Amino acid sequence: MSEKKSLNFIEEIVEEDIRNGKNGGKVFTRFPPEPNGYLHIGHAKSICLNFGLAQEYGGQTNLRFDDTNPVTEETEYVESIKADVKWLGFTWVNELYASDYFDVLYAFALNLIRQGLAYVDDSSPEEIASQKGTPTEPGTPNQYRSRSVEENVTLFTEMHDGKYPDGAKVLRAKVDLTSPNMQMRDPLMYRIKHAAHHRTGDKWCIYPMYDFAHGQSDSIENITHSVCTLEFIPHRELYNWFIEKLEIFPSQQYEFARLNITYTVMSKRKMLQLVNQNFVSGWNDPRMPTISGLRRRGYTAASIREFCDRIGIAKRENLIDFSLLEFCIREELNKTAWRRMAVLDPVKVVITNYPEGQQETLHGENNPEAEGGDGGRDLPFSREVYIEREDFMEQAPKKFFRLGPGLMVRLKNAYIVKCEDFVKDEAGKITEIHCSYFPESKSGQDTSGINVKGTIHWVSVPHAKTAEIRLYDRLFTEEDMGNAEGDFEDFINPNSLTTVTAFIEPDLAQAENGQNFQFIRKGYFTVDQDSSVEKLIFNRTVTLKDTWAKEVQKS
RNA sequence: UGCCCGAUAGUAUAAAGGUAGUACGACGGUUUUUGGUACCGUUUGUCUAGGUUCGAAUCCUGGUCGGGCAACCA
């Protein structure tokens, strides 16, 4: 019984090519980030696609930095990108840079000049723009378009030699100023920038444009399937034109729709703005949709890969529910994360019939989803415990299965308690709850015969440790940030980060950086990179599904 | 008013001329020492008008709607 997995349209193309023996059946892909920012979850989609294709069809994938613009690119970004790709679980065959090919590209440019297919233009950016026409009107040639091959060679060589200041001249391809495709109206190939490059230093003062670097780099690397996003569709004609005129390996470009997710932005430009204007603490702020931000938030590589697998690959524009990402991380962490107890908004419970000064050690399993509970830990219990303030109601509605006057609940892994009394301050705030407990209801050896509907979490007062807990919510208030009118900063959620000090069970003092936990009934949390023995810090990755909260909202 | 790309439940994504399916969400239920998990069930869809065909989400034509293209960015 072979249930055939349905293929996305790119896999179909690849399989078709393999069937036809194209490129000897080889599949070479590349992931080509520009090192001008950190990778985000949209890149993860591309990474999973490109590396996944190669894995699936016995090929290989290069990591190639598209570093043709020295003024925006930095080594810091190179390093973060490599770390993120590795962390996602992918291995590249070659670490390459478009800047590795600057000499070759320069020779390609001279080749085209000698064929009469490129010329040096002295016009200003404004002049070039106006001479390009508009989408509905053809462009018009200028005087420089008819320069001789010799003159072009001389001028371009002089550009290369640093004879001209920034912006004085550009090299353009001589294609077709009347083309209905604006990209074909004599696109720029090289511009002058007297700027130091993160890898080539001061060697160059002219740098190739994307269009004269990307396809050629693909070709040099024998990339068979060059996969990019939709906005490059109009560039494909030019991509093919350069390859044809240079008579080099015919890489082919295919385009898919980029990822968008509700309540967040997916552009490096906007993310950089969030960082620079201190709306977040950095590229790896746990609210950021960056790989490093998600990692710090507690998302695992596997959950991100699962997400990328579920969203699919197609050409139509899309806006994915954030809840799908949340589903993916909950699904994994439910199976793997150890359970612990933490009280985020505490109120004290005194168990009046529990002998003063007495304490005992109870046991809780690490994960009820795992066979044998995946081990367990000791839980100290005493006469006074903290419980969640919201787990007590003075006037409890019918279906409130927690604590209230006369109501009974089980303390998780401990005893059943019954609320006998409570204390309020002048402001009407509950300061203390008095309960009695049933000694024969001890967890695991309950002979009390009492049935309770609710179980709540708790932490023993004398044994409790404290921790800072960072509660994250969506960064933006608007669902579709891609189509939100106006300044995106106006949609920033002022409550995207709330910090509380919580009481946590003592075992959590041993938690290690990056370790994931489920705080029972509260959600999944991970140890933040800033956490220390002196000051424990946890980030909330995601809440648990909360059907009670919905119930409350309805009424 | 040029050229290009797209349109299937709320959101994504399948169905390669032959029963419109899956996931997430939503809603309801069972189980439960997490109001979690698991399990069961319900709901909602082919942009439109023609054409080809025994038969169209699929092929053809027109329209509508959405997106992209005129950076010395990628």
Side-chain angles (χ1 to χ4, degrees), chain A residues 5-8 12 32-34 36 66-69 71-73 121 123-125 128-139 166-172 179-185 188-193 206-207 209-211 213-214 228-237 255 257 262 268-269 310-321 323-328 330-331 334-335 339 341 364 368-369 399-402 409-414 416 441 443-444 446 452-457 482-483 518-523 543-552:
Chain A
K5 182 185 166 265
S6 68
L7 303 176
N8 66 50
E12 277 177 11
E34 184 189 11
N36 67 345
D66 230 332
D67 56 350
T68 56
N69 186 0
V71 300
T72 56
E73 296 155 4
D121 192 326
S123 308
S124 69
I128 289 178
S130 74
Q131 288 160 4
K132 270 193 186 178
T134 69
T136 53
E137 302 161 62
D166 286 8
K169 287 177 166 44
V170 292
L171 183 71
R172 298 176 71 178
S179 171
N181 180 353
M182 296 298 294
Q183 305 303 327
M184 299 300 276
R185 320 249 265 225
L188 271 60
M189 294 165 59
Y190 269 91
R191 75 286 215 193
I192 301 171
K193 275 182 196 281
I206 56 170
Y207 291 94
M209 300 289 291
Y210 166 85
D211 286 306
H214 198 100
C228 62
T229 44
L230 254 30
E231 65 268 30
F232 292 100
I233 289 176
H235 295 249
R236 188 175 60 226
E237 193 180 352
E255 311 87 8
T262 54
K268 278 194 273 186
R269 203 195 90 246
R310 282 172 178 267
I311 55 179
I313 301 291
K315 293 187 84 160
R316 72 184 82 117
E317 283 171 22
N318 57 80
L319 179 63
I320 309 283
D321 275 342
S323 63
L324 183 60
L325 223 201
E326 294 188 324
F327 169 83
C328 291
R330 284 193 189 113
E331 184 188 42
N334 174 52
K335 295 190 196 116
R339 270 56 170 175
M341 292 198 280
E369 300 300 316
K399 287 206 278 193
F400 186 78
F401 305 132
R402 307 183 194 178
V409 291
R410 172 174 294 280
L411 297 176
K412 175 81 180 172
N413 295 129
I416 293 173
S441 69
S443 186
D446 185 349
V452 290
K453 275 287 233 185
T455 300
I456 63 173
H457 60 282
N483 288 317
Q518 184 196 101
F519 290 174
I520 289 174
R521 301 208 305 139
K522 298 307 309 182
T543 60
L544 258 28
K545 268 176 75 177
D546 189 350
T547 51
W548 174 250
K550 272 183 207 158
E551 189 73 27
V552 171

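These numbers were taken from a predicted model, which means no experiment stands behind them. Within every chain, numbering begins at 1; the chains are lettered A, B, ... in the order of the sequence lines, protein sequences first and strands thereafter.
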Check every strand shown and say whether [X] touches a base, only sugar-phosphate, or nothing at a heavy-atom separation below 4.0 Å.
X	result
A:Asn318	sugar-phosphate
A:Ile313	sugar-phosphate
A:Glu369	base
A:Lys522	nothing
A:Phe400	base
A:Ser323	sugar-phosphate
A:Ile520	base
A:Gly139	nothing
A:Thr68	sugar-phosphate
A:Asn413	base
A:Pro138	nothing
A:Tyr207	nothing
A:Arg402	base
A:His235	base

Q) Which residue lies toward the 5' end of RNA chain B, A:Ala414 or A:Pro32, if each is placed at its nearest nucleotide? A)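 Closer to the 5' end of RNA chain B: A:Ala414.
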
Q: Would you kindly compare A:Ser441 and A:Leu319 by the position of their nearest RNA chain B nucleotide and give the one closer to the 5′ end?
A: A:Leu319

Between [N] and [M], how far is it from one [atom1] atom to the other, in whole Å?
N	M	atom1	answer
B:rA14	B:rA23	C1'	11 Å
B:rC24	B:rG62	P	41 Å
B:rU58	B:rC47	C1'	15 Å
B:rC4	B:rU37	C1'	48 Å
B:rA7	B:rU44	P	24 Å
B:rG67	B:rU11	P	15 Å
B:rA70	B:rU64	C1'	26 Å
B:rC73	B:rG50	C1'	46 Å

Could you tell me whether the side chain of [Y] reaches within less than 4.5 Å of the side chain of [X], counting heavy atoms only?
X	Y	answer
A:Val409	A:Thr455	no
A:Met209	A:Val170	no
A:Lys522	A:His457	yes
A:Pro234	A:Met182	no
A:Leu171	A:Ile206	no

Q) Do we see A:Trp548 stacking on the base of B:rG35, given a limit of 5.5 Å between centres and 30° between planes? A)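 Base of B:rG35: stacked against A:Trp548.
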
Q) Taking a pair as Watson-Crick (N1 to N3 plus N6-O4 or O6-N4) or G-U wobble (N1-O2 and O6-N3), both under 3.5 Å, which stems of 3 or more consecutive pairs involve RNA chain B? A)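 RNA chain B stems, ordered by first number: B:2-7 with B:64-69, B:10-13 with B:21-24, B:26-30 with B:38-42, B:47-51 with B:59-63.
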
Nearest-Å distance for atom pair [atom1]/[atom2], residues [X] and [N]:
X	N	atom1	atom2	value
A:Lys412	B:rG35	NZ	C1'	13 Å
A:Gln518	B:rU34	CD	P	11 Å
A:Asp546	B:rG25	CG	P	14 Å
A:Arg410	B:rU32	CZ	C1'	13 Å
A:Glu237	B:rC4	CD	P	10 Å
A:Ile456	B:rU32	CD1	C1'	17 Å
A:His214	B:rC73	NE2	C1'	14 Å
A:Arg330	B:rG25	CZ	C1'	11 Å

Q: Enter the distance from A:Gln518:CD to A:Glu369:CD here, rounded to the nearest 0.5 Å.
A: 8.5 Å

Just by modelled atom types, is the [Y] backbone N or O under 3.5 Å from a matching donor or acceptor in the [X] side chain?
X	Y	result
A:Arg310	A:Leu325	no
A:Arg185	A:Thr134	yes
A:Asn318	A:Ile320	no

Q. Out of B:rU34, B:rC5, B:rG35, which nucleotide sits closest to the side chain of A:Phe401?
A.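 Ranking B:rU34, B:rC5, B:rG35 by closest atom to the A:Phe401 side chain puts B:rG35 first.
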
Considering all heavy atoms of both residues, which atom of [X] and which atom of [Y] are nearest to each other, and what is their separation?
X	Y	value
A:Gln183	A:Asp211	OE1-OD2, 4.4 Å
A:Ser123	A:Ile128	CB-CG1, 3.6 Å
A:Arg402	A:Trp548	NH2-CD1, 2.8 Å
A:Thr68	A:Arg191	O-NH1, 3.4 Å
A:Asp66	A:Glu34	O-CG, 3.4 Å

Q. Within less than 4.0 Å of OP1 or OP2 of B:rU33, is there a side-chain N or O belonging to A:Arg521?
A. no

Q: Using a cut-off of strictly less than 4.0 Å, decide whether A:Arg316 has a side-chain nitrogen or oxygen near OP1 or OP2 of B:rU8.
A: yes

Distances under 3.5 Å between nitrogen or oxygen atoms of protein and nucleotides 17-23 of chain B:
from: B:rA23; atom 1: O2'; to: A:Arg310; atom 2: NH1; distance (Å): 2.5

Q. Quick one: what's the B/S/- string for nucleotides 64-72 of chain B, heavy-atom cutoff under 4.0 Å, read 5' to 3'?
A. ---S-SBSB

Q. For A:Asn36, which of A:Glu73, A:Lys268, A:Arg269 qualifies under side chain to side chain donor-acceptor pair (under 3.5 Å)?
A.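 Running side chain to side chain donor-acceptor pair (under 3.5 Å) over A:Glu73, A:Lys268, A:Arg269 with A:Asn36 returns exactly one hit, A:Lys268.
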
Q) Any donor-acceptor pair under 3.5 Å joining the side chain of A:Arg339 to the base of B:rU34? A) yes

(Q) Between the base of B:rU1 and the side chain of A:Thr136, is one N or O donor paired with an acceptor at under 3.5 angstrom? (A)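 Between B:rU1 and A:Thr136, which were checked side chain against base, a qualifying N/O pair under 3.5 Å is absent.
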
Q. Between A:Ser179 and A:Asn181, does any side-chain donor sit less than 3.5 Å from a side-chain acceptor?
A.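 Side-chain D/A pair, A:Ser179 to A:Asn181: absent.
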
